[in-house]
Structures are given as structure tokens and as C-alpha cells.
Amino acid sequence: MGVTRSLLAALMMGSLAALAPPRAHGGDDSAAIMQQHAAEDAAERAARWKSLQQAVFGARQMQDGSGVIQIDAPEHALDAALVPVTLTVKPGTPVKGVYLVIDNNPSPVAGHFTFGPRADPRVLKMRVRVNQYTFIHAVAEASDGRLYVSQQFVKTSGGCSAPVGPDNSQALQDVGLMKLHLLGPFQAGKPVQAQLMIRHPNFNGMQMDLITRAYTPARFIRTIDASYDGAAVFHLDSDISLSTDPVITFGFVPDKRGTMSLIVRDSDNALFNHSFDVPAG
Amino acid sequence: MPLTMAEVAPGVFMRRGVDEDVSVANDDAIANIGFIVGREAVAVTDAGGSLNDGRRLHASIRRVTQLPIRYVLMSHVHPDHVFGAGAFSADHPTYVGHAALPGALAARWEYYRVRTEAILGRDSVGPMVTPTMLVKDRAQIDLGGRIVELTAHGTAHTDCDLSAFDRRSATLIAADLLFVRRAPSLDGSLKGWLKELTLLKSIPAKRAVPGHGPTSVNWPDGSQDLERYLGVLLRETRAAIKKGVEIDAAAKTVGLSERSRWLLFDDYNGHNVLQAFKELEWE
């Protein structure tokens, strides 16, 4: 991933010049900025996806994913630094992994989930940053290795350079703190959704500190491993596109009462471990 | 061209900001800004949303008094309150802010400047102005027979809110700790804002100057609408989190009973819910 990431970052840097709408207080898009976004036409967007596809998946064929994976995000997101995305895997085609690609972000591969034996891959939710108007693509990798793709257009911008908090230096105070809760009743052998919350600023290296005249160094979550009583639920390769204090909703199948273990590693190689009783208490 | 100023109390002059977001037409003159005149000096509070807004305020001051402009208060980090600060640099005032303001400005000035100048044009904002008099808890400035008490608040509207209380006229310059009629914007802490409002209500002020809305309201009665709105936001966001409602779904449903009571409600409420949700989901 390392090589791919820096290659793509270099490819996409040109797009950073595009300005974002003001969020002085809350703000709306200005006419000038709307025009800038409109300037990138459908052909350019298609070409961008084609080159991304090449960079991430090489020559592998990709099929229409409408029967396999669905991607849902607000068309007009309220906050570019917190765009909720839901990936729904439809029944019928077993999948072993899912990619989320935000085409126009400086590092477009926002996340790659690989599912383990305890996973229920049907619904995944996360919150991401969106730098400018963009297509987002969900790619499902079926158990037989075939790739299926779905896409959605998102109109929001500025999420990557948005300050993490009024004072970036305070953002690391509780780093690594985690919470996990089940979103449905626990029943042994039955799939259940869980929400994982992680305190982490996920600095993407694009937040400016004007006193030091430097950008706050990137520090972001690289991997998350979730396992249940030792059996893998998912492995996530993530990147700078996850929002501050990431929240990830995923499904798993607990065969009995047990322990959900989370291992989070960030780009400074800091390691955060937490274990949660399932059900809680 | 000077601004239209209202003398909300003897020696306290305020300009009503328009209830809009920044645009070419309004030059970011959207916040209530003004000045206090003492026997020896003038304090500006706040400087306005662009260099032009600040220059006009400067001209308005000179129509009233030739006394030196000794202080420029910067109530918090938002551009509509601080981007006029550079218009006073030739007066060599003491710029005053919350102890957390320099860090917040460092993190945000450039982000806001690029976005504001994309609308208002180059050089409408200018280089960053950093406060040199920092208030950690409380402080006073003396304008000559006129003491203005300054309070650095805990995280509320933002994490660097500074209020000013003019003892002589019993006027509280609440800045964006108080919104009236224009939808509040939450960029700090919902629980913290409610707490700081309680504290502000105990200040023996007859009137308060909101950051947005009319230039003067009775105090503490003038806080009622804001407290009610923040209370609704707190209760309904908590309830949504408890019910397992997703953050984006909550942003569409929380607070709607307040919709008819605020200007620009649709531009701010959803974002406020996101902020509240992020804060309260960790409870």
C-alpha cells in the first residue's frame, strides 16, 4: 500500500489547488467556487477513476456492482470533514473484502476492509473527509476474486484542510481511547452490528499551524484489526481520509459470549489495544 | 464611509451586522461590532469581518472621538470578528484575546483567509493578527475612568471566547456567546456553552450586546431563546444517540421545533447537531 499511496498522492496533488467553499461560520457555496467544481467535466472524472483503478487494482476486470454492493452518502454533506458513508453488501455474492475510494482526495484509497471468519460483511459505516466534489467508489472483492464496483457523487469540499479543532495541539489528549457498543441485542450465533469509536485526530498533514508556519505533521490510523475470541472479524487498511475520532460500524457473528479485541496502529507506529466483553458487563 | 452606529449605552457604540453569511455584497460585515469610549482611550470590540469592515469601523470611531485606540478586543477565532483587526495596526493598539486564541488563530487563520478571500478578493483580510494581551481567567482594561472587565470562558461557542463587561454602563459585550434571532453556531462545546451562559447570567448587566442579532437586549432575559435552543439540541441529540440514530439522520431531525424561531436555521442547525453528536456520543 505504501508505494501505491505515495504514488497516488503525487498524482492527486494538482487537485489540491481547487478552493473549497467558505465555512466561516457554517456557510454556503459561493458562485465562483461552484464554477470551479463544475469545470471538471464528466470525461475528466471518468479518466481519473480509470487511472485510479489502474493504480490500485492493476489490469483486473471490474464489473457493475449494482447487484453486489451499494454505497450511500449524503449528496450534499453538511460537514466536509465528517461525511458518513454506508457500504451495503447485498446477499447472494460472498465477499472477502471491500474498498472505499474517494477519487478526488489527495490519497484516494480511504479504506480497505478484509473480512475474517467472524465477520458479517453486510453493512459497514464510517465517516470520512472529502476534499472536493468527487465520485466515491465502493469496490467489493468477491470470494472468487472478482471485483464489483458501485459509485456515488458527493458535493462537498474542504474536509481535508479543515482544522481538527480550534487548537490542534489538544487533539492528542485522549488518543487511543476506544468505545464499543452493540447496536442490537446479543444472541449467540446471530449476526449483530457493533459501533467502534476511537479517539484519534487522524491528522492528514494538511492542517496548517501559522505560528510555526508549518503543517501539523500527518498522524493517522493505518490499520485496525478486530477479532472475536481470537478469530478475525476484519482487518482495515485505512488512510488520511478517515475523519477525526473515527467511528466505524461493522457486523460480526458471536458464536457465544466472548471478547472483542481491537488493535489499532497509527502512522507513528503507536499501538492501541482494547478488549471488550460481548455483551458488555 | 463610516458605519451606522447605535449608541446602546452612553459611550458604547455598536454596529448591527446583517443576518447573512459572507458575500461580496456585505464585505463580511455580518457580526455586531463596535467600540467603548473612556476618558482617555477607546477599546474596539470586535474589529469586523474584513479589512474594509475594520476600516469603516475606524472611520466611525473618528467621527465620535479623536482619543487613541488603545485596545482591540478579539472575542474569538471566527473570521467575521477578527479579520478587521489589521485595519487598526497603524494605531498600535494592544490586541486582547483569550489565552487559547493564538493557537486557534494559528490553526485557522489561513484556512479562513483563503476561503474569505476567494469571495471578497485578494488582500481583503491581510496577514494574521495575534493578540499580545492574553486573558487566562479574568483581566481588566482601563479606558480612563472606565474599567472594562474581561472574562476568558471555558469552551463554549468556541474554545477561545472572551466576553467584556463595561461596569459604568452595566453593559455586557457577549459577542458570540450570545446569538439572538440569528441561528447560533456551535464550534466548541454544547455542555460548556450552557455552563458559560449560566455564569454570564450572574453578571450584573442591564443589557447585553449579542454577536449576532439586535445590538442590545435586556439581560439576563435576552439569553432565553439561546438557552432554550441549546437545551433542545442537548436533549434531542442525547435521545437520538441513545436510540442508535445515525449521526446524519440525527442532523435532519434534531432541533426542528426551533426552525421557525431562527434566521438562517437551515444553514446552521444540521452542523450544530453534528457538533453536539460528536461531543455527546462519548458520554
Side-chain angles (χ1 to χ4, degrees), chain A residues 19-28 30-33 36 72-74 76-79 81-86 125 127 157-158 161-171 174 177 179 181-184 193 195 197 199 206-216 243-245 247 249, chain B residues 21-24 28 30-31 49 76-80 83 100-119 127-128 130 155 158-160 176 182-183 185 187-188 212 244 246-249 251-252 264 266-275 277-278 281-282:
Chain A
L19 289 170
R23 188 161 272 289
H25 258 301
D28 244 335
S30 80
I33 287 158
Q36 227 163 352
D72 290 292
H76 293 275
L78 281 167
D79 183 348
L82 199 166
V83 180
V85 177
T86 302
K125 296 181 184 191
R127 302 172 184 173
S157 59
S161 53
V164 165
D167 185 351
N168 282 352
S169 65
Q170 288 177 8
D174 296 329
L177 204 69
K179 276 176 71 173
H181 40 245
L182 301 189
L183 300 177
Q193 289 276 299
Q195 186 185 57
M197 299 165 61
R199 280 272 194 225
M206 293 166 68
Q207 290 99 7
M208 164 77 93
D209 185 318
L210 218 65
I211 287 177
T212 58
R213 289 258 160 207
Y215 291 94
T216 306
S243 300
T244 299
D245 295 339
V247 176
T249 301
Chain B
D21 276 317
V22 52
S23 71
V24 177
D28 206 17
I30 63 173
H76 63 293
V77 68
H78 286 154
D80 50 331
F83 277 173
L101 183 61
L105 287 170
R108 293 191 173 198
W109 184 283
E110 196 58 17
Y111 179 77
Y112 288 148
R113 185 190 62 78
V114 167
R115 280 151 188 79
T116 303
E117 291 195 340
I119 297 166
M128 181 167 77
T130 309
T155 303
T158 66
D159 80 343
C160 50
D176 279 9
R182 177 192 155 121
S185 96
D187 191 19
H212 297 273
E246 289 292 325
I247 190 167
D248 47 335
K252 291 189 188 112
L264 303 180
D266 291 344
D267 295 332
Y268 289 92
N269 184 64
H271 199 258
N272 291 344
V273 178
L274 293 187
Q275 290 295 114
F277 200 106
K278 283 193 284 182
E281 70 184 340
W282 282 90

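Below, all heavy atoms of this structure are taken into account, side chains as well, without hydrogens, waters or symmetry copies. Throughout, a chain's letter reflects where its sequence line sits, starting with A, and its residues are numbered from 1.
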Asker: Would you confirm whether B/Thr158, through its side chain, and B/His76, through its main-chain N or O, come within 3.5 Å as a donor-acceptor pair?
Answerer: no
Asker: Please flag which part of A/Val83 lies under 4.5 Å from any non-hydrogen atom of chain B: side chain, backbone, both or neither.
Answerer: neither
Asker: Under a 4.5 Å heavy-atom cut-off, does chain A meet the side chain of B/Glu281, its backbone, both or neither?
Answerer: both
Asker: Is a salt bridge present between A/Lys125 and B/Asp248, judged by a nitrogen-to-oxygen distance below 4.0 Å?
Answerer: no
Asker: Using non-hydrogen atoms only, which part of A/Arg199 is less than 4.5 Å away from chain B: side chain, backbone, both, or neither?
Answerer: both
Asker: Return yes if some donor-acceptor pair links the side-chain N/O of B/His212 with the main-chain N/O of B/Ile30 below 3.5 Å, else return no.
Answerer: yes
Asker: Between the side chains of B/Arg182 and B/Asp267, is the shortest nitrogen-to-carboxylate-oxygen separation below 4.0 Å, so that they form an ion pair?
Answerer: no
